[in-house]
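Written out below as structure tokens is the structure these notes cover.
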Number of protein chains: 2
Amino acid sequence: MRILLVEDEMNMAAALTAALSRHDIVVDHARTLEIAEEACRSGVHDAVLLDRKLPDGDGLSLIPVLRREQAGLPIIVLSALGSPDHRVAGLDHGADDYLAKPFSTDELLARLRAVMRRPAQIGESMVNVGQLRFNLTERQADVAGEPLDLTRRELLALEILVRRAGRTVPRSALEEAVYGYDDEIASNSLDAHISRLRRKLSTAGVEIHAIRGLGYLLRTAS
Amino acid sequence: MRILLVEDEMNMAAALTAALSRHDIVVDHARTLEIAEEACRSGVHDAVLLDRKLPDGDGLSLIPVLRREQAGLPIIVLSALGSPDHRVAGLDHGADDYLAKPFSTDELLARLRAVMRRPAQIGESMVNVGQLRFNLTERQADVAGEPLDLTRRELLALEILVRRAGRTVPRSALEEAVYGYDDEIASNSLDAHISRLRRKLSTAGVEIHAIRGLGYLLRTAS
DNA sequence: CGACAGACATTGCGGCTGCATTGCGCGGCG
DNA sequence: CGCCGCGCAATGCAGCCGCAATGTCTGTCG
């Protein structure tokens, strides 16, 4: 892990660098806002520790700059200004955490770990078939980025077809997915839904094949 | 915004609920770990406030459970156990932040905002859709610089629609965001709010689309 | 090889469900 | 005491969906 420490007081900086180094954290040290801005441009840092009182201004003013350059880069403010008001100000300027001096090194490390843990992206299960992209969690279908306007029954049918793309889906399975168990169906309305689905998928590069006597099968257009 | 408060002390819970409600945050209250676990399963919460001393165990033990159920759900621990050691323990158990009692309500709100910014932090806590600009931290909506005059319910509805712009928001999710669990709704008043929202957004270049049988969808006007 | 039957495709229609809109009255807050 | 937000209900409306009629295709049997 490599962090950028923005701090003008040399004793403080040295002590922090030593403490963090003992935990195998690489520390780059910047004494001014200007140097810090320059340093962060390299994009090698995993987090920023930011002092407030700096020779060329309040550290908080750096936060919007960092956010623009390196969106998502965790920022922890370290400051002797520790009143609730000061903390609120720091957090509302966009900091991820605010730690008042003096603090324990262990707590700093823990807060660093906490802030670094941030999940990259909650796994959204997406299925791609041809130009068709189906988001299983959101229950939404796109064709080349354009959202498809599907009705509820069409969505339910497409979902199960997509989940088993390339394999034949028995007609009975489709009926159970689209209607309930209870909801009896006494016509060919499932076929009707498939028909309308096909039209809406005409530009999606996929085909819904009918497997006579068995069911349907979704696959990329040949 | 809707949060889950896990706290057994009723005075504390009532005070917090009142304070947060004043900032238009919907609070669901759980007195025990068991109830909390059950409540979080609904997946409607944006964050969790977690006490440590609870009738059925240490609140920290809930964190792994929440992480498994709802990865990415921000968790802030609130505890009278405020020593650095305690904080480190809390953070290393997976909490996103640790606030020692007593704390100022303003700081809690600021830390909530900080922790909520995270997922959407790519870019800013400002969402633009069409001419509509929604400030998630300030909770304010502008159309071409002109601030929109929205009521509380309208704001809550618009917030969740904006947070998930371009994706269908289930009707149930909207109801839970705008009203609480307990607040039963026995009419189409949600529809009424949507209707009035639409009127106020008429010049915003966005549309609130109704997805029949599913919910609503906000997107730029075609 | 032709004819028929069964299965799927497509499309129009009507009913019904669920959404849109508006007005009213209550209750809370100033 | 007046205002405003909100829940509620009534009315109007649109679109989804079930249904059936008709067309197409395929596989089978005489």
Side-chain angles (χ1 to χ4, degrees), chain A residues 139 141 148-161 168-202 206-219 221, chain B residues 18 21-24 26 139-141 147-159 161 168-202 206-219 221-222:
Chain A
R139 274 249 183 77
L148 263 186
D149 196 32
L150 299 180
T151 73
R152 194 164 110 262
R153 299 248 125 110
E154 289 165 355
L155 214 62
L156 289 168
L158 183 58
E159 179 181 5
I160 186 171
L161 284 171
T168 307
V169 180
R171 189 186 188 80
S172 61
L174 269 169
E175 283 174 355
E176 280 175 12
V178 173
Y179 315 96
Y181 289 96
D182 3 283
D183 253 344
E184 299 281 324
I185 197 68
S187 76
N188 65 344
S189 66
L190 177 62
D191 305 53
H193 287 300
I194 295 292
S195 173
R196 298 192 184 103
L197 247 185
R198 271 198 267 247
R199 185 183 311 176
K200 291 185 180 177
L201 293 178
S202 58
V206 295
E207 284 173 350
I208 300 179
H209 280 272
I211 311 299
R212 195 184 178 82
L214 291 175
Y216 289 94
L217 163 72
L218 180 133
R219 68 172 174 205
Chain B
S21 296
R22 266 195 293 280
H23 291 83
D24 296 330
V26 179
R139 273 259 188 66
Q140 197 169 19
L148 265 185
D149 191 33
L150 298 180
T151 72
R152 192 165 116 263
R153 297 293 219 250
E154 288 165 356
L155 212 60
L156 288 168
L158 184 57
E159 178 183 5
L161 283 171
T168 42
V169 180
R171 189 188 188 80
S172 60
L174 268 169
E175 281 175 357
E176 285 172 5
V178 174
Y179 316 96
Y181 274 126
D182 359 286
D183 255 343
E184 300 277 325
I185 196 69
S187 75
N188 63 346
S189 66
L190 176 62
D191 306 54
H193 288 299
I194 295 291
S195 175
R196 300 196 181 97
L197 248 184
R198 269 198 267 247
R199 186 181 312 176
K200 292 185 180 177
L201 292 178
S202 57
V206 296
E207 283 174 349
I208 300 181
H209 222 64
I211 311 297
R212 194 184 178 84
L214 291 175
Y216 288 94
L217 163 73
L218 181 133
R219 65 173 165 204
S222 52

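All chains are named by letter (A, B, ...) in the order of the sequence lines, taking the proteins before the strands, and each is independently numbered beginning at 1.
The interatomic distance linking A:Asp149 (CG) with D:dC16 (P) rounds to 7 Å, in whole Å. Atom CG of B:Leu197 and atom P of D:dC6 are 11 Å apart (whole Å). D:dC8 atom P lies 17 Å from atom CD1 of B:Ile194, rounded to whole Å. Distance B:Glu175 CD to C:dC19 C1': 13 Å, rounded to the nearest Å. Between A:Lys200 atom NZ and C:dT10 atom P the separation is 15 Å, expressed in whole Å. Remark: P of C:dA9 and NE2 of A:His209 are 11 Å apart, rounded to the nearest angstrom. If you measure from atom CG of B:Leu155 to atom C1' of D:dG5, you get 14 Å, rounded to the nearest angstrom. Atom CG of B:Asp191 is separated from atom P of C:dT17 by 17 Å (rounded to the nearest Å).
Panel note: side chain A:Arg139, backbone A:Glu159; no donor-acceptor pair is recorded below 3.5 Å. Of the possible polar contacts, one joining the B:Arg198 side chain to the B:Ile208 backbone as a donor-acceptor pair under 3.5 Å is found.
Shown here are the salt bridge (Lys or Arg N to Asp or Glu O under 4.0 Å) partners of B:Asp191, two or more places apart in sequence or in another chain: B:Arg171. A:Glu154 pairs by the salt bridge (Lys or Arg N to Asp or Glu O under 4.0 Å) definition with A:Lys200, not counting sequence neighbours. Residues meeting the side chain to side chain contact (heavy atoms under 4.5 Å, CB included) test with A:Ser189, sequence neighbours left out: A:Tyr179, A:Ile185, A:Ser187.
Annotation: side chain of A:Thr151 is not in contact with side chain of B:Ile211 (no heavy-atom distance under 4.5 Å). Residues A:Val178 and A:Ile160 are not in side-chain contact: their nearest non-hydrogen atoms beyond the backbone lie 4.5 Å or more apart. By the 4.5 Å heavy-atom criterion applied to side chains, A:Leu174 and A:Leu156 are not counted as neighbours. For the pair A:Val169 and A:Leu217, the minimum side-chain heavy-atom distance is 4.5 Å or more.
Between B:Arg199 and C:dA20 there is no side-chain polar atom (N or O) within less than 4.0 angstrom of OP1 or OP2. Checking the phosphate oxygens (OP1, OP2) of C:dG18, no side-chain nitrogen or oxygen of B:Tyr216 falls inside 4.0 Å. Here B:Arg152 does not reach the OP1 or OP2 of D:dC4: none of its side-chain N or O atoms lies under 4.0 Å away. Note on B:Ser195: a side-chain N or O is less than 4.0 Å away from OP1 or OP2 of C:dT21. Between B:Arg153 and D:dG5 there is no side-chain polar atom (N or O) within less than 4.0 angstrom of OP1 or OP2. Listed pair B:Tyr179 / D:dG7 meets the phosphate criterion, a side-chain N or O lying under 4.0 Å from OP1 or OP2. Considering only side-chain N and O atoms, B:Thr151 lies nowhere under 4.0 angstrom from the phosphate OP1 or OP2 of D:dC4.
Closest-nucleotide positions on DNA chain C for B:His193 and A:Ala192 were compared, and the one nearer the 5' end corresponds to A:Ala192. Both B:Glu154 and A:Leu190 lie near DNA chain D, and the one whose nearest nucleotide falls closer to the 5' end is B:Glu154.
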Atom pairs under 3.5 Å, N or O on each side, protein against nucleotides 3-7 of chain C: can you list them with distances?
residue	atom	partner	partner atom	Å
C:dG6	N2	A:Arg212	NH2	2.5
C:dG6	N3	A:Arg212	NH2	3.1
C:dA7	O4'	A:Arg212	NH2	3.3

Give me, pair by pair, the N or O atoms of the protein and of nucleotides 11-13 of chain D that are less than 3.5 Å apart, along with how far apart they are.
none

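Residue B:Thr168 holds its OG1 atom at 12.0 Å from CG of B:Leu218, rounded to the nearest 0.5 Å.
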Base versus backbone protein contacts along nucleotides 24-30 of chain C [heavy-atom cut-off under 4.0 Å; B, S, -]: -------
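Listed here is the closest heavy atom pair of B:Pro147 and B:Gln140: CB-NE2, 4.1 Å. Shortest non-hydrogen contact noted between B:Ala141 and B:Leu158 is CB-CD2, 4.1 Å.
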